[in-house]
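Notes to accompany the following structure.
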Amino acid sequence: MIRTCALAKRFGRVDALRGIDLDLASGAVTGIVGPNGAGKTTFIKILLGLTRPDSGVVAFDGQPIGADVHYRSRIGYMPQIARYPENLRVGELFDLVRDVRGADPAHPIDDELIERFALRELFDRPLRVLSGGTRQKVNAALAFAFHPDLLILDEPTAGLDPVASATLKDKILAERQDGRTVIVTSHIMSELEELCDDIVFLLEGAVRFAGSVREIKSTTRQTSLERAVATLMIREVA
Amino acid sequence: MRVVAQVVKYQLRDASRSRWLMVYTAFFLLATEGLLRFTGDGEKTLLSLMTVVLFVVPLVTLVLGTVYLYGAREFTELLLAQPVSRRSLFAGLYLGLTLPLTAAITAGVGIPLLAHPATIGAQQGAFVVLLLVGVALTALFTAIAFVIAVRTDDRLRGLTAGIGVWLAFALVYDGLVLVLITVFSDFPLERPLLAATFVNPIDLARVLLLLRLDVSALMGYTGAVFQRFFGSGLGAAAAGGALLCWIVVPIALGARAFVRKDF
């Protein structure tokens, strides 16, 4: 579904990405892992067109992304930080995103997370009074609401309580069952092991491993993803 | 266009519940109403109100504008992740910020004026110019706030830059003009001072208003030079045109920076 070719990006004197070639399979959950500053967020932002690469190409379903913004109507994005205009209400935020996406108001949205997170009763509340965790729930519900083909989730369970976190993971797996593609970053390896088909390991802006969860375990001879990634990191440093 | 309208619509809702905007409106209501009552005279009210508008509008617009934009940073990213073009989103955010501020000053100054038609008397036209100037300064300094907030990622530095811009136009400029006049008092200064006026939109706004009033004593040096050089009619056209450029250029710069930015 997404292919990147020689994607490179510099911020000042820092090489955030140095030549990323990836082919992210359709209908799979791909976890992007790596230490802080490895380039995970920059990579995601380039996929979304929030950041422009210095060189290289991103192709979405074979079409290079460029000036055309339409491909983003097929993406649901859950950012890491959720801050919204203070005086807007929860329900208005959903309406705003729907209207901006040009989604038909008559067409029902996917409200499973809205219901399971009990957000509907908060629709009249201003966004500023919500707790951080609740805002993160709004964020998640918003990413899934418009039936996107591709979900991009940046640290989705950070700040969620265990129940909400489990609900979200169930939802991700259900979407995968329905044939949707998911890209997820996380620092919690056990969580990625639960969710992912494939793993991409980024280090200092380069891909050090890309393959299935089983492959990463067998090449490192470890039984858990956490130990496998740790082994890769140590090997790289040494 | 649809995206622009939608973004503006929700921003207006957000703004209509903003406490800061209410304070800003109330400030103009009280200042205008108070001046009209205490002076009981249209021209005196106009001159005092002019000073208030020329100082307060740029400052409040810059501060509220940059603070809003920094606060809306993640929100902007969320909207950019939707199928919207950067240009439409810029237009939506810009209008969504300018329109409420414009409404605040128009209502705050306009309502008391409508309530005291007798006091205003013959100054109607000048008050309209005052409102127009207030709107122009709002549009202009919102655009400058955009340029600052888009180009500076650090909030504190952005806010400092905003206040710095205000200080430069509202205070430092006058000081420099004064220094120029005293140091070069033996030289003909008309043309340099005329040129200086075009560099400062706040001064242009002041000149534009004073040309309507014909009170040369209050014009300050640049205003007097302006009138002598252009005469009232041509002077107003020149100042108005220059002010328009001052609006268009920062908007273009802001849009350019927004379109090119890496979020």
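Computed from a prediction, not measured in an experiment: that's the story for all the values here. The sequence lines fix the lettering, A, B, ..., with proteins before strands; numbering per chain opens at 1.
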Would you find more than 12 non-hydrogen atoms of other residues, nucleotides or ligands less than 6.0 Å from [X] atom [atom1]?
X: B:R17; atom1: CZ; answer: yes
X: A:R3; atom1: CZ; answer: no
X: B:R157; atom1: CZ; answer: no
X: A:R10; atom1: CZ; answer: yes
X: A:H187; atom1: NE2; answer: yes
X: B:F38; atom1: CZ; answer: no
X: A:R125; atom1: CZ; answer: no

What part of [X] gets closer than 4.5 Å to chain B, counting heavy atoms only: side chain, backbone, both or neither?
X: A:P79; value: side chain
X: A:F11; value: side chain
X: A:I152; value: neither

Only heavy atoms, only distances under 4.5 angstrom. Which residues in [range] are near chain B?
range: residues 15-24 of chain A; value: none
range: residues 25-59 of chain A; value: A:K45, A:L48, A:G49, A:L50, A:T51, A:R52
range: residues 88-106 of chain A; value: A:L88, A:R89, A:E92, A:L93, A:D95, A:L96, A:V97, A:D99, A:V100, A:R101, A:G102

First locate atom [atom1] of [X], then atom [atom2] of [Y], and finally report the distance between them rounded to the nearest 0.5 Å.
X: B:F75; Y: A:E86; atom1: CZ; atom2: CD; value: 12.5 Å
X: A:Y77; Y: B:L80; atom1: OH; atom2: CG; value: 10.5 Å
X: A:R72; Y: B:S85; atom1: CZ; atom2: OG; value: 8.5 Å

Open item on the list: Applying side chain to side chain contact (heavy atoms under 4.5 Å, CB included), can you list everything that pairs with A:E112, at least two apart in sequence or on another chain?
Closed with: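 A:E112 satisfies side chain to side chain contact (heavy atoms under 4.5 Å, CB included) with A:D110, A:R116, A:K171 only.
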Taking side chain as everything from C-beta outward and backbone as N, CA, C, O, which of these in [X] sits under 4.5 Å from a heavy atom of chain A? Side chain, backbone, both or neither.
X: B:A72; value: neither
X: B:K9; value: side chain
X: B:R86; value: side chain

Task: Closest heavy-atom pair and its distance - B:S18, A:N87 - done: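 Looking at all heavy atoms of both residues, the closest pair is CA-ND2, 3.6 Å.
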Task: A:I75 side chain near B:Q82 side chain, heavy-atom distance below 4.5 Å - done: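 Sidechains of B:Q82 and A:I75: no contact.
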Open item on the list: Using only atom types and a distance under 3.5 Å, with no angle test, would you say the side chain of A:R83 pairs donor to acceptor with the backbone of B:E74?
Closed with: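 Between the backbone of B:E74 and the side chain of A:R83 there is no qualifying donor-acceptor contact (under 3.5 Å).
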